[in-house]
Each structure stands twice: as C-alpha cells, then as structure tokens.
Amino acid sequence: MLRTHTCGELTKDHAGQDVSVCGWVDSYRDHGGLVFIDLRDRYGLIQIVFDPNECPDAHKVAGTLRSEDVIRVDGHVKLRGEGLVNPNIATGEIEIRTHVLTVLNKSKTPPFEPTGENMPNEELRLKYRYVDLRRPQLQEAMILRHKLCKATRDYFDQNGFLEVETPMLGKSTPEGARDYLVPSRVHPGSFYALPQSPQLYKQLLMVGGLDRYFQIARCFRDEDLRADRQPEFTQIDVEMSFVEQEDILTTIDGLIGHLVREIRGEEIQLPLPRLTYADAMERFGSDKPDMRFGMELIDCGEIAAACGFGVFSKTIENGGRVRGINAKGAAEKYSRKMIDELTAWVGDYGAKGLAFFRVKEGKLDSPIAKFFSDEHQQAIIDKLGGENGDLLFFVADKGSVTSAALGALRNRLAKELKLYDPRTLNVLWVVEFPLYSWSEEDNRWQAEHHPFCYPNAADLDKFDTDPGSMRAQSYDLVCNGYEAASGSVRVHDPAVQQKIFDFIGIKEEEAEERFGFLLNALRYGAPPHAGIALGLDRWVMMFLANDNIRDVIAFPKTQKAADQMTEAPSRVDTHQLRDLHIKTDLPTEA
RNA sequence: GGCCCUGUAGCUCAAUUGGUUAGAGCGCCGGACUGUCGAUCCGGAGGUUGCGGGUUCAAGUCCCGUCGGGGUCGCCA
C-alpha cells in the first residue's frame with residue numbers, strides 16, 4: 001500500500017502519528033517560504049504543509065506542484081495552532097507536516113477544475129468524465145448507487161431470493177421498444193438482440209422452479225432519450241412463484257422501507273398508499289402522479305355546458321371535457337406574458353388553448369370573464385375552492401388532452417411555485433391499469449404493459465365484448481411523478497397466452513416462431529407467477545433529489561446515444577463487417 | 001420525425017440590439033512573499049466568435065444550411 005490513511009479519515013485523534021497519504025492536488029498556495037497543498041481523495045481534503053526548514057528537498061518540489069498532480073506525502077499529523085483552524089473542511093483542525101514528497105504522476109492542466117467554482121458544460125464533463133468523476137457530487141452519486149445495490153441484495157437475500165444472471169445475447173421479439181441488435185458471425189444474416197429487460201427469462205426461471213428470483217440487470221432500448229432515460233439502464237428485476245398481486249406489492253413495500261432506512265436512516269409509512277389508474281387519471285391527469293402536492297384536476301363539465309362561453313359549451317356538446325386546476329395564491333406571480341407562454345407550452349400536449357381566471361374580490365378577473373354570469377363565476381369559484389389571489393386554469397378539449405395538458409401544467413406550476421421539498425420521497429402504487437388500448441396508428445389492439453400480463457379474473461370473458469374495459473393485474477410504483485417500477489401477474493396458462501397473442505394480432509404461426517419457447521414452457525408445468533422491475537437509475541436520482549439520469553451513471557451517453565469520451569459508436573474495419581456478412585447501406589452524402 | 005433553447009479565450013460568462021483593436025472573473029505562464037486555506041500583490045500570454053454560405057459600406061449580432069450539446073412532443077410492450 002502506498003498509503004496508511006485516506007485524506008478524509010484523519011482527525012485530531014491522529015495528532016502526532018506518522019502517516020502516508022495519497023491523492024490529487026486540489027489547490028496550492030505557495031508563499032515562497034511555506035507551501036500549502038490541499039490534497040484530495042474520495043474521502044475528503046487535508047492540508048499538507050511544506051516547510052523549507054523541515055523538508056528542504058520536498059519544499060523545492062512542492063513549488064512545482066500543480067492542480068490534479070497525483071502525489072504521496074509521508075509526514076506527521078499535527079494539530080493546527082490557535083486561529084489556524086479551517087472550519088470549512090472536515091479535517092480543518094489538523095494538517096500534515098511533510099517529511100517526504102513523492103510525485104506519483106504529473107497532470108496536464110485539466111480542461112476544467114473538478115472542484116472549481118465554475119460548473120463546465122455537460123458536453124465537456126462527459127468528454128473528460130474521468131476528471132468529472134473526481135467531483136464530490138458525482139462520487140456521492142456513485143456511493144449512493146452502490147449502497148442502494150448493496151441494500152437491495154441484502155433485502156432479497158434475507159427474504160430467500162436468488163440472484164440469477166440471464167443472457168445479454170438473446171432473441172429479438174416483436175412488440176415493445178426497438179432492439180439493439182448484435183450480428184452473429186457463425187450464423188450469417190442472423191442477429192441477437194440485447195435485452196430490453198429479462199422479462200421472458202425470468203418467467204422461464206419460474207417454470208424452472210427457482211421460485212424467488214431477483215437480478216440487478218442491465219437493459220437496452222434503442223429509443224429516443226430523455227432527461228430520465230438512457231439507452232442502457234439498470235433494473236432491479238424481481239419474479240416470484242405461487243403468489244398473487246398482493247404478495248408482490250407487500251414484498252416491494254418491504255424493499256422500499258428497507259432502502260429508505262438504509263440510505264436515509266428514515267422510516268417510510270407502510271403499506272404504501274394505492275390509487276387506481278382511473279382515479280390517478282381523473283384526479284391528476286397522469287398515471288404517474290406527483291403527489292408531493294395537491295392542485296388536483298377538477299371537472300367543470302356542468303358549469304361549462306351551461307355557461308355562455310362558446311369554447312367551453314361547444315366542447316361539452318362535442319363530447320369533450322372541461323377541467324381546471326387552482327394554483328393557490330399564484331394570481332400575482334404570473335403575468336399575462338407568462339401565461340401566454342404557458343398557453344403555448346400546453347400546446348405541446350395537444351391543448352388548443354388555456355383559459356385562466358384570477359380570483360379577485362370574490363369574482364373572476366380575466367379577458368373571458370365577461371362570458372360568465374355572476375352565478376357561473378361563483379359556481380366556478382366554489383367548484384375549485386377559489387379564494388382571492390388564486391389563479392385558475394382551464395383546458396377544454398378531448399378528455400385525454402385535458403389530462404395530458406393539465407397534468408403537465410400541474411407539475412410545472414408546482415415546481416415553479418416551489419410547492420414541495422425536493423428531498424421528499426412520495427411513493428405510491430397505481431393499480432388496475434387497462435389491459436389493452438386501441439392503437440390508431442397500427443389499427444389494432446395493443447398490450448398496455450406487455451402481452452404476458454394476466455387479465456383481472458373478473459374481466460377474462462370480455463375479449464370479445466369490451467376489450468377496452470379489461471383491467472390488468474398490473475401495478476406501477478410511482479415516486480415524485482416518475483414511474484419507479486412496473487410489474488404484473490403473468491399469464492401461466494398457454495391457452496390464455498395464445499388468446500392474447502391472437503387478440504393483439506400476432507398470428508398463431510408467428511407466435512410459435514417468436515415466442516414458441518415461452519408457449520412451450522407454459523405447457524410443461526408453469527407455476528402461477530408474478531413480478532416487477534424497478535428502475536435503479538431513477539431511484540438513485542430520487543434519493544439524491546436530482547432530475548438528470550446522467551448524473552447517476554458513471555459513463556452515460558448523450559441525447560444521440562453517443563459516448564463523448566470513447567466516441568462510441570464508431571465505424572469499424574471492413575474486414576470486421578466481412579466476418580459478419582454485413583454490408584452497410586448509408587444515405588448518400590450530399 | 002416535429003418544436004424550443006444553446007455554441008464567443010482552457011473554463012464560466014459579457015459585448016450598449018448591425019458600428020473602432022471582441023472584454024471580465026477564474027485558470028495558465030513568469031516574478032515577489034514563512035500561516036495560507038477561493039491566499040495576496042506585480043507582470044504576461046491566450047480568440048478563424050462550432051463549421052459553410054448569404055445579406056450589408058460594415059456581421060459575434062440578421063438570413064439559409066450544417067455539426068455538436070440540452071429540454072420536450074411523438075416514441076419508450
């Protein structure tokens with residue numbers, strides 16, 4: 001070992017001891033005589049002193065040290081004198097008086113200072129990720145991520161689960177996200193797919209009698225990125241046999257309680273609250289409602305139908321909905337210009353307009369208030385619980401548009417109005433999702449969750465009569481407005497599975513070709529089973545009150561799924577392609 | 001695929017809305033300094049304003065294209 005102690009672990013209890021420490025030069029202060037260095041490792045900072053009278057050789061070299069040089073210092077720990085304590089760092093009561101300085105490696109001037117006051121732009125941070133990773137915030141994220149994985153493994157181990165690895169090179173299946181494909185050299189023209197999730201493998205593990213499985217599994221989806229989505233991400237994947245929905249919910253309640261305890265040292269109220277999908281959509285306009293604050297969506301259909309404002313009444317006549325939200329006390333915080341900006345913004349969600357009223361002296365104040373009688377104004381105020389100073393917003397449109405627009409507006413307003421503490425973890429279950437939805441684009445029914453999800457027992461006979469109303473035995477865990485986990489009771493009856501494939505337009509032949517291994521497995525004694533997968537990266541984000549997934553991944557990719565540091569993806573040699581029997585067909589360059 | 005934001009010194013930003021030689025802080029280089037801790041003081045270097053084209057007497061600024069980064073809608077069983 002090159003060191004006896006880390007920089008951060010030294011305290012005044014070490015005073016008088018000879019120690020060796022290693023690390024990066026965080027800053028240097030050269031007084032011509034005395035030279036001071038703040039030495040950094042992932043455990044903290046410690047001040048090193050070079051005194052020309054004590055260590056003339058080391059002092060000479062110390063004058064040449066620069067930011068991010070890697071050094072080793074042998075010396076002794078000394079209490080700082082009266083008035084020399086630095087309260088800004090944990091080791092501020094002590095310092096190391098140097099005996100020997102060893103320069104382990106010089107550094108070029110770094111492109112940015114990892115602990116500097118200026119936060120460089122993310123592109124540069126990603127290009128020099130190894131420098132950025134020295135930043136304490138990023139190290140904190142990596143440490144928290146490790147703790148979360150550790151606590152997860154402990155919890156499942158204590159509860160009799162086995163961690164089993166499943167293949168990365170698998171079979172491409174239709175439905176779902178776009179696959180990342182891997183060409184096979186020994187099977188010309190054939191491809192593996194990287195897993196979008198270990199979904200089918202974990203079901204097969206249940207058929208295989210493993211009974212309780214979990215895995216911290218890497219998953220790949222070739223879809224467009226978002227602030228909370230990376231092309232490769234990590235799931236805490238879980239599956240159990242001989243269980244019902246309730247057992248999964250209880251097991252994951254226990255996991256969340258364990259994680260919050262281990263990571264935050266806090267207790268979370270269990271069982272976690274539950275909300276049906278229908279209630280979530282009605283009250284919050286979202287299947288992943290952020291419930292750290294209220295501002296629920298209120299239906300104003302009756303008032304809208306009766307009022308003299310054509311936009312409202314015609315929407316109701318045409319089968320649409322008029323719903324509103326109340327931004328308490330926000331009337332003076334949003335100018336007309338800002339509201340115009342919000343109006344344009346809800347357009348992204350399909351809303352053609354955004355009506356607003358300020359509640360002022362018990363009446364509505366707005367350019368459109370004149371279309372509402374005193375009676376209707378009062379009805380609106382009563383309906384939304386309006387008080388003077390409140391700002392009311394309304395969207396009149398198709399039901400789905402009112403949900404999307406007001407759901408998004410609710411989140412935005414709450415963030416801007418700071419209606420919650422960002423460190424709060426508000427976790428709940430959303431249950432009873434619809435099983436199938438009609439795809440206008442493909443002109444067919446499609447699985448809302450995935451095609452292996454078991455219908456509610458009571459709805460099993462509705463395939464032919466009213467498939468849109470069938471509810472699934474599926475459940476999402478929602479935290480702070482993020483989908484934090486998703487799962488379902490699986491189909492274990494091959495006849496039902498066949499029926500589902502048939503229903504969503506996968507013909508028997510195709511089902512056999514694509515999913516034959518699963519259908520076959522179900523015919524050889526498949527136990528009833530159910531499972532769930534948690535988004536690990538998102539949980540790390542939420543524990544850190546961060547809203548950028550790249551900040552919780554050591555080497556993340558940009559929005560175009562590129563790695564700025566390695567420059568992946570990249571062209572490959574033509575003979576590599578030849579081995580794989582691949583010819584590229586690129587768009588011609590202009 | 002659509003919409004929006006963004007690119008100026010190594011880094012973070014500015015440039016009086018089209019008008020002299022593109023500035024500042026930090027960093028970097030040199031010098032001074034024995035208790036600093038975001039050290040201080042003195043001096044210095046550093047720019048094809050992402051790239052290409054256009055408009056104009058004149059472009060960092062306006063227009064078109066393109067590349068990179070970010071946000072978002074679609075997409076993500």
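Chain letters run A, B, ... following the sequence lines, proteins first and then strands; every chain starts at 1.
- The shortest distance between the side-chain N/O atoms of A:Arg226 and the OP1/OP2 oxygens of B:G74 is not below 4.0 Å.
- For A:Arg221 and B:C76, a side-chain-to-base donor-acceptor distance below 3.5 Å is absent, hydrogens and geometry of angles not being considered.
- With rounding to whole Å, A:Asp224 atom CG is found 12 Å from B:G71 atom P.
- Residues A:Met541 and A:Tyr482 form a side-chain contact, since some pair of their non-hydrogen atoms from C-beta on lies under 4.5 Å apart.
- An OP1 or OP2 oxygen of B:A39 is reached within less than 4.0 angstrom by a side-chain nitrogen or oxygen of A:Arg29.
- Here B:U72 presents its P atom at 17 Å from CG of A:Leu342, a figure rounded to the nearest Å.
- If you check the side chains of A:Thr558 and A:Arg550, you find no donor sitting under 3.5 Å from an acceptor.
- For B:G70, the OP1/OP2 oxygens have no side-chain nitrogen or oxygen of A:Asn121 closer than 4.0 Å.
- Residue contacts shown for A:Glu448 are limited to sugar-phosphate atoms, with no base heavy atom under 4.0 Å away.
- Note on A:Leu124: only backbone sugar-phosphate atoms sit closer than 4.0 angstrom, heavy atoms only; bases stay farther off.
- Comparing B:C73, B:G74, B:G69 by their nearest atom to the side chain of A:Thr558 picks out B:G69.
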Q: Starting at the 5' end of nucleotides 25-34 of chain B, put B wherever the base has a protein heavy atom under 4.0 Å, S where only the sugar-phosphate does, and a dash everywhere else.
A: BSSSSS--BB
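- When atom types are taken as modelled, the side chain of A:Arg80 and the backbone of A:Gly92 share a donor-acceptor pair closer than 3.5 angstrom.
- Searching all strands for a Watson-Crick or G-U wobble partner of B:C41 with both distances below 3.5 Å returns B:G31.
- B:A24: Watson-Crick or G-U partner is B:U12, with both key distances under 3.5 Å.
- Rounded to whole angstrom, the span from the CD atom of A:Glu68 across to the P atom of B:C11 amounts to 16 Å.
- Between B:G65 and B:A24, the two C1' atoms lie 34 Å apart (nearest whole Å).
- Taken from CD in A:Gln235 to CD1 in A:Ile532, the straight-line distance is 10.5 Å, to the nearest 0.5 Å.
- A gap of 35 Å separates the C1' atoms of B:A45 and B:C5, to the nearest Å.
- For A:Arg125 and B:C11, a side-chain-to-base donor-acceptor distance below 3.5 Å is absent, hydrogens and geometry of angles not being considered.
- Only the P atoms considered, B:A9 is 40 Å distant from B:C75, to the nearest whole Å.
- Counting atom types as modelled, A:Asp348 pairs no side-chain N or O with a base atom of B:C73 as donor and acceptor under 3.5 Å.
- Using a 4.0 Å cut-off, some side-chain N or O of A:Gln559 falls inside it from OP1 or OP2 of B:G71.
- Among the atoms of the strands shown, none is found under 4.0 Å from any heavy atom of A:Arg538.
- The closest side-chain heavy-atom distance from A:Leu342 to A:Leu409 is below 4.5 Å.
- Distance, A:Leu126 CG to B:G68 C1': 12 Å, rounded to whole Å.
- In this structure, a donor-acceptor pair under 3.5 Å is absent between the side chains of A:Gln473 and A:Ser488.
- As rounded to whole Å, 12 Å separates atom P of B:A39 from atom CD1 of A:Ile89.
- The side chain of A:Phe36 lies closest to B:G35, out of B:C76, B:G68, B:G35.
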Do any side-chain atoms of residues 39-63 of chain A form donor-acceptor pairs under 3.5 angstrom with protein atoms, and if so which ones, sequence neighbours left out?
residue : atom : partner : partner atom : Å
A:Arg40 : NE   : A:Asp26 : OD1          : 2.7
A:Arg40 : NH2  : A:Asp26 : OD1          : 3.4
A:Arg40 : NH2  : A:Glu68 : OE1          : 3.1
A:Arg40 : NH2  : A:Glu68 : OE2          : 2.5
A:Asp41 : OD1  : A:Tyr43 : N            : 2.8
A:Asp41 : OD1  : A:Gly44 : N            : 3.2
A:Asp41 : OD2  : A:Cys7  : N            : 2.7
A:Gln47 : OE1  : A:Arg29 : NH2          : 2.9
A:Gln47 : NE2  : A:Glu95 : OE1          : 3.2
A:Asp51 : OD1  : A:Asn53 : N            : 2.8
A:Asp51 : OD2  : A:Arg97 : NH2          : 3.2
A:Glu54 : OE1  : A:Arg97 : NE           : 3.4
A:Glu54 : OE2  : A:Arg97 : NE           : 3.4
A:Glu54 : OE2  : A:Arg97 : NH2          : 2.8
A:His59 : NE2  : A:Gly33 : O            : 2.2

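- Residue A:Gln196 is out of contact with every strand shown, counting any heavy-atom pair closer than 4.0 Å.
- One atom, CG of A:Leu225, and another, P of B:G69, lie 11 Å apart when rounded to the nearest Å.
- Within the nucleic acid shown, A:Ser27 comes within 4.0 Å of sugar-phosphate atoms alone, with no base atom in reach, counting heavy atoms only.
- Comparing B:U61 with B:G19, their C1' atoms sit 11 Å apart, to the nearest whole Å.
- Across B:C37, B:G68, B:G10, the shortest atom-to-atom separation from the side chain of A:Pro111 is found for B:G10.
- Between A:Phe112 and A:Asn86, the residue anchored closer to the 5' end of RNA chain B is A:Phe112, taking for each the nucleotide with the nearest heavy atom.
- Searching all strands for a Watson-Crick or G-U wobble partner of B:G46 with both distances below 3.5 Å returns nothing.
- Side-chain contact annotation: A:Asp69 with A:Ser107, donor-acceptor N/O pair under 3.5 Å absent.
- With C1' as the reference atom, B:C64 and B:G47 are 26 Å apart, rounded to whole Å.
- In terms of polar N and O atoms assigned as donor or acceptor, the side chain of A:Glu95 comes within less than 3.5 Å of the base of B:G35 in a complementary pairing.
- Between the side chains of A:Asp563 and A:Thr566, at least one donor N or O lies within less than 3.5 Å of an accepting N or O.
- With rounding to whole Å, A:Asp563 atom CG is found 15 Å from B:G68 atom C1'.
- Of the P atoms belonging to B:U49 and B:C62, the separation is 16 Å, rounded to the nearest Å.
- The gap from the P atom of B:G18 to that of B:U6 amounts to 16 Å, rounded to the nearest Å.
- Anti is the conformation of B:U16, whose glycosidic angle sits further than 90° from 0.
- Proximity of A:Arg550 to the phosphate of B:G71: a side-chain N or O atom is located under 4.0 Å from OP1 or OP2.
- Under the Watson-Crick or G-U wobble criterion, with both distances below 3.5 Å, B:A58 is left unpaired in every strand shown.
- With both ends at atom P, the span from B:U48 to B:A22 equals 12 Å, rounded to whole Å.
- Set against B:G68, B:G35, B:G70, the side chain of A:Gln47 has B:G35 as its closest nucleotide.
- Across all strands shown, B:C3 forms a Watson-Crick or G-U wobble pair with B:G71, both key distances being under 3.5 Å.
- For A:Ile46 and B:U36, the CD1 to P distance is 18 Å, given to the nearest whole Å.
- Between A:Gln564 and A:Glu567, the closest side-chain pair of non-hydrogen atoms is not below 4.5 Å.
- Across all strands, A:Glu54 comes closer than 4.0 Å to no nucleic acid atom at all (heavy-atom distances).
- With rounding to the nearest 0.5 angstrom, the CG atom of A:Asp547 is 9.5 Å from the CG atom of A:Asp228.
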